[in-house]
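I have placed the structure first, in the form of structure tokens, so that the comments after it can refer back to it.
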Amino acid sequence: MASSSILTGQFVRINQTPASVGERLLAQVIDWAIQGAYFSGLLYLYVEILDNFLGFSSALQVIFIIFGIILPTVFYGFLFELFGNGQTIGKRIMKMRVVKTDGSLPGIGSYLMRWMFMLIDGPLLSGMGVIVMLINKDNRRFGDLAAGTMVIKQGIYRRLQVSLEEFEPFSRNYRPTYPAAENLSLEQVSLIDQTLRLKENDQRIHALAEQVKHTLGIEHVHESDDASFLWHVKRDYQYYALEEI
């Protein structure tokens with residue numbers, strides 16, 4: 001399953017995996033079933049109970065039908081995503097969430113745009129949204145493309161803070177000692193940073209240094225001790241990370 005990594009303007013690295021087309025369709029079927037159950041259930045309640053026993057006036061009947069039955073059914077997706085932090089009941093069951101493509105939470109305009117485009121994406125136009133999802137890598141339908149959103153797997157959505165304060169200034173002539181450090185993940189560098197906070201004679205520093213050498217394929221080390229080696233690897237990673245920014 002493809003995933004994307006984003007570094008936001010607030011220096012938050014986000015790894016997110018788009019929900020598959022099948023997962024999105026199943027979530028949509030669940031939502032349609034809930035909408036159908038709500039509509040038919042309230043309509044039955046109105047016909048069999050409220051109208052017969054309470055004797056609603058014509059005006060109250062119209063108000064109840066419009067605001068109690070029709071509008072909640074029609075605006076179900078928009079309302080649940082807006083007040084459910086990007087999740088309808090179907091998406092919650094399938095462990096999915098709507099987010100902006102930069103990983104931030106969509107605003108009311110984005111949710112409204114997604115809802116409006118269901119006229120195109122949904123069954124009224126033979127499910128055009130499914131075709132669009134199949135031909136783009138993030139499985140985004142027309143509504144997602146228009147709103148700048150995507151649906152991701154919630155369990156794989158991870159936010160890892162990267163503060164600029166962690167990056168010590170580099171001199172203009174700085175040259176990385178270990179270019180392979182560019183291939184480290186943020187989690188690996190975080191482990192290096194935590195290990196360097198241990199006491200100098202801690203055996204875990206030596207063990208990690210050996211593991212880093214093996215992982216990066218480093219055969220020749222320029223430092224005399226493991227802690228210095230790990231520190232330089234971390235610095236080199238930071239150098240490449242700032243280049244990307």
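Values below: all heavy atoms of this structure, side chains included; hydrogens, waters and symmetry mates excluded.
Separating the CG atom in Asn136 from the CD1 atom in Ile131 is a distance of 12.5 Å, to the nearest 0.5 Å. Taking CZ of Arg114 as the reference point, atom CG of Leu145 lies at 10.5 Å (rounded to 0.5 Å). The distance from atom CG of Asn183 to atom OH of Tyr240, rounded to the nearest 0.5 Å, is 9.0 Å. Expressed to the nearest 0.5 Å, how far CD1 of Ile93 lies from CG of Asp31 amounts to 8.0 Å.
By the side chain to side chain donor-acceptor pair (under 3.5 Å) test, Gln28 pairs with no residue at all, sequence neighbours left out. Residues that satisfy the ring-ring contact (aromatic ring centres under 6.0 Å, His included) test with Phe75, not counting sequence neighbours, are Trp115. When the salt bridge (Lys or Arg N to Asp or Glu O under 4.0 Å) test is applied to Asp225, no partner is found at least two apart in sequence or on another chain. Under the rule for a side-chain contact (heavy atoms from CB on, under 4.5 Å), the partners of Val130 that lie at least two apart in sequence or sit in another chain are Val21, Leu25, Met133, Leu134. Under the ring-ring contact (aromatic ring centres under 6.0 Å, His included) criterion, Phe80 pairs with Tyr76, sequence neighbours left out. Partners of Gln194 by side-chain contact (heavy atoms from CB on, under 4.5 Å), not counting sequence neighbours, listed by chain and number: Ser190. Evaluation of the side-chain contact (heavy atoms from CB on, under 4.5 Å) rule for Leu82 yields Phe78, Ile108, Tyr111 as partners, not counting sequence neighbours. Shown here are the salt bridge (Lys or Arg N to Asp or Glu O under 4.0 Å) partners of Arg24, two or more places apart in sequence or in another chain: Asp144. Applying the side-chain contact (heavy atoms from CB on, under 4.5 Å) criterion to His220, with sequence neighbours excluded, gives no partner residue. Evaluation of the salt bridge (Lys or Arg N to Asp or Glu O under 4.0 Å) rule for Glu223 yields no partner, not counting sequence neighbours. Considering only residues two or more places apart in sequence or on other chains, Thr215 meets the side chain to side chain donor-acceptor pair (under 3.5 Å) condition with Gln211. Every residue meeting the side chain to side chain donor-acceptor pair (under 3.5 Å) condition with Gln188, not counting sequence neighbours, appears here in chain and number order: Ser185.
Under the 4.5 Å side-chain heavy-atom criterion for Ile, Leu, Val, Met, Phe, Trp and Tyr, Ile34 and Val29 are members of distinct hydrophobic clusters. Both Phe83 and Leu112 belong to a common hydrophobic cluster when Ile, Leu, Val, Met, Phe, Trp and Tyr are linked at side-chain heavy-atom distances under 4.5 angstrom.
Salt bridge annotation for Arg204-Asp202: present, with a cationic side-chain nitrogen under 4.0 angstrom from a carboxylate oxygen. Classification of Lys91 and Glu81 as a salt-bridged pair holds, one side-chain N sitting under 4.0 Å from a carboxylate O. A salt bridge links Glu23 with Lys153: the closest approach of a Lys/Arg side-chain nitrogen to an acidic carboxylate oxygen falls below 4.0 angstrom.
Leu184 is listed as a side-chain neighbour of Val233, based on a closest heavy-atom distance under 4.5 Å. Val132 is not listed as a side-chain neighbour of Arg140, based on a closest heavy-atom distance of 4.5 Å or more. In this structure the side chain of Thr101 never reaches within 4.5 angstrom of the side chain of Thr149, judged on heavy atoms. A heavy-atom distance below 4.5 Å is found between the side chains of Pro106 and Val98.
Between the Arg97 side chain and the Val151 main chain, no donor and acceptor come within less than 3.5 Å of each other. A donor-acceptor contact shorter than 3.5 Å links the side chain of Asp121 to the backbone of Gly143. At least one donor-acceptor pair closer than 3.5 Å links the side chain of Asp236 to the backbone N or O of Thr177.
Within 6.0 Å of the NE2 atom in His214, the count of heavy atoms belonging to other residues, nucleotides or ligands does not exceed 12.
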Would you please test Asp193 and Arg197 for side chain to side chain contact (heavy atoms under 4.5 Å, CB included) and show each step? CA-CA 7 Å; Asp193 184 60; Arg197 298 175 187 177; 2.6 Å; yes
